[in-house]
Amino acid sequence: ADIPAEQRERYRRPGDDDRTPVQLDCASCHRVEQGWPDPSGSLPRGLAQPVRPAGAAMLPITYEQHCQACHPLTFPVPGESPVFASRESLRHRHQPGEVRGWLRGFFTAQLTKEFAPLLEQPLRPRPEQQAKQGALKAKLGDELERRINAAERILFGPSTCGKCHGPLTAEQRVTAEIPTVWYEHAQFDHGAHRSMACLTCHAGAAESRTQADVLVPGLVLCLHCHVREGPTAAPWVRGVRHDCVACHRYHDGDHPLRGRGAPVESPRP
């Protein structure tokens, strides 16, 4: 019940009701493509991805699809509900400095409403009124900074933005260089390996506690199955391909519509 209603079905299992605790597994976030572009239209607009066959690669992980149900960009606001739902304005992919600017505008508007009667002053205030107004504005400035800093501690902390991006400050610039395909110069089909458990290749995933873990298997693991048949081969590898092009594209296969020298050769007159 803590998850927004529109996202509960993604994590609900057969027989679960809204009181059931959420239990994540690999497939809660990591799902193979069913063709591209995304037929459901659920990925963020402008997230350009290459065309790939259905079932081969995993869909990219995005905050909007996989994270915001449990890690929303929310923070407490004095005088309002316990948590301010900021989905309509504060967006993922804003840089920390942009987040601070958004918070300044939000809390400035809030304080202006709270103290509007006190901020009204006559056209020609008396000296004692000027002093009072000056003290009030200084107090409002301190309160504005206090609210901004309190919201930043939550948004940039370990449960929200910092969960994936590490400790943040408003002066930082965040970059997320996550490959959409990890084997850029090879080919891998998850569909062909669907009979295997995820942890067979991605060992350590169940114990991982940090976003710095990159649990992509190497060649040694592949060779447990992709080897020539013989007395040392396990019985399940019979019939498993082990030729080079089973995994590696043949000659500049990343660019099949041009020759190897096309980008560097000078055009002929």
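Worth knowing before you read on, the calculation uses all heavy atoms, side chains too, and leaves out hydrogens, waters and symmetry mates. The first residue in the sequence is number 1, and the count goes up from there.
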Exactly one candidate in Leu24, Leu59, Ile61 meets side chain to side chain contact (heavy atoms under 4.5 Å, CB included) with Cys29; the answer is Ile61

Take His92 and Thr62 through the test side chain to side chain contact (heavy atoms under 4.5 Å, CB included) and record every step on the way to the result. CA-CA 10 Å; His92 183 250; Thr62 64; over 6 Å; no

Just to verify, which of His165, Arg93, His94 counts as forming a side chain to side chain contact (heavy atoms under 4.5 Å, CB included) with Val174? His165

One should read off an interatomic distance between Leu155 CG and Leu168 CG, to the nearest 0.5 angstrom, of 10.0 Å

Out of curiosity, does Val214 fall in the hydrophobic cluster containing Phe188 (side-chain heavy atoms, cut-off under 4.5 Å, transitive links)? yes

Could you check whether any side-chain N or O of Asp213 sits under 3.5 Å from a backbone N or O of Leu215, counting only pairs where one atom can act as donor and the other as acceptor? no

Please determine if Glu152 and Arg104 form a salt bridge, counting it only when a charged side-chain N lies under 4.0 Å from a carboxylate O. no

Can you see which heavy atom on Pro4 is nearest to which on Ala69, and at what distance? CD-O, 3.7 Å

Check the orientation of His226 and His193. Use parallel for under 30°, tilted for 30 to 60°, and perpendicular for over 60°. tilted

Any Thr160 side-chain heavy atom under 4.5 Å of Pro72 side chain: no

Salt bridge flag under 4.0 Å for residues Arg8 and Asp16: no

Worked check of salt bridge (Lys or Arg N to Asp or Glu O under 4.0 Å) between Arg13 and Asp25: CA-CA 11 Å; Arg13 298 182 178 183; Asp25 57 18; 3.3 Å; yes

Which distance, rounded to the nearest 0.5 Å, do you find between the SG of Cys70 and the CD of Gln7? 8.5 Å

Under the side chain to side chain contact (heavy atoms under 4.5 Å, CB included) rule, what do Gln95 and Gln172 come out as? Steps first, then yes or no, please. CA-CA 8 Å; Gln95 290 295 332; Gln172 286 181 261; over 6 Å; no

Verdict with reasoning, His30 to Cys198, per side chain to side chain contact (heavy atoms under 4.5 Å, CB included): CA-CA 10 Å; His30 301 284; Cys198 301; over 6 Å; no

Quick one: CG on Leu111 to CZ on Phe106, what's the gap to the nearest 0.5 Å? 9.5 Å

When you look at Cys161 and Leu73, which way does the side chain to side chain contact (heavy atoms under 4.5 Å, CB included) test go after all the steps? CA-CA 8 Å; Cys161 301; Leu73 299 179; 4.1 Å; yes

Can you establish whether the number of heavy atoms outside Asp243 located under 6.0 Å from its atom CG is more than 12? yes

Can you check whether Pro96 reaches Phe156 side chain to side chain, under 4.5 Å on heavy atoms? yes

Within this structure, what is the CD1-CD distance for the pair Ile3 and Gln68, rounded to the nearest 0.5 Å? 11.0 Å

For the atom pair NE2 (His242) and SG (Cys225), what is the distance rounded to the nearest 0.5 Å? 13.0 Å

Residues Arg173 and Glu98 bridged, charged N to O under 4.0 Å: no

Do the side chains of Arg147 and Glu143 get close enough for a salt bridge, i.e. N-O under 4.0 angstrom? yes

For the residue pair Leu199 and Ala206, what are the closest heavy atoms and their distance? CD2-N, 4.0 Å

Give the C-alpha distance, both sets of side-chain angles, the deciding distance and a yes or no for salt bridge (Lys or Arg N to Asp or Glu O under 4.0 Å) between Glu145 and Arg100. CA-CA 10 Å; Glu145 291 299 320; Arg100 170 171 271 269; 3.8 Å; yes

Distance, nearest 0.5 Å, that separates OG1 of Thr112 from CG of Leu144: 9.0 Å

Measure across Arg10 and Ser28 and return the closest heavy-atom pair with its distance rounded to 0.1 Å. NH2-O, 3.3 Å

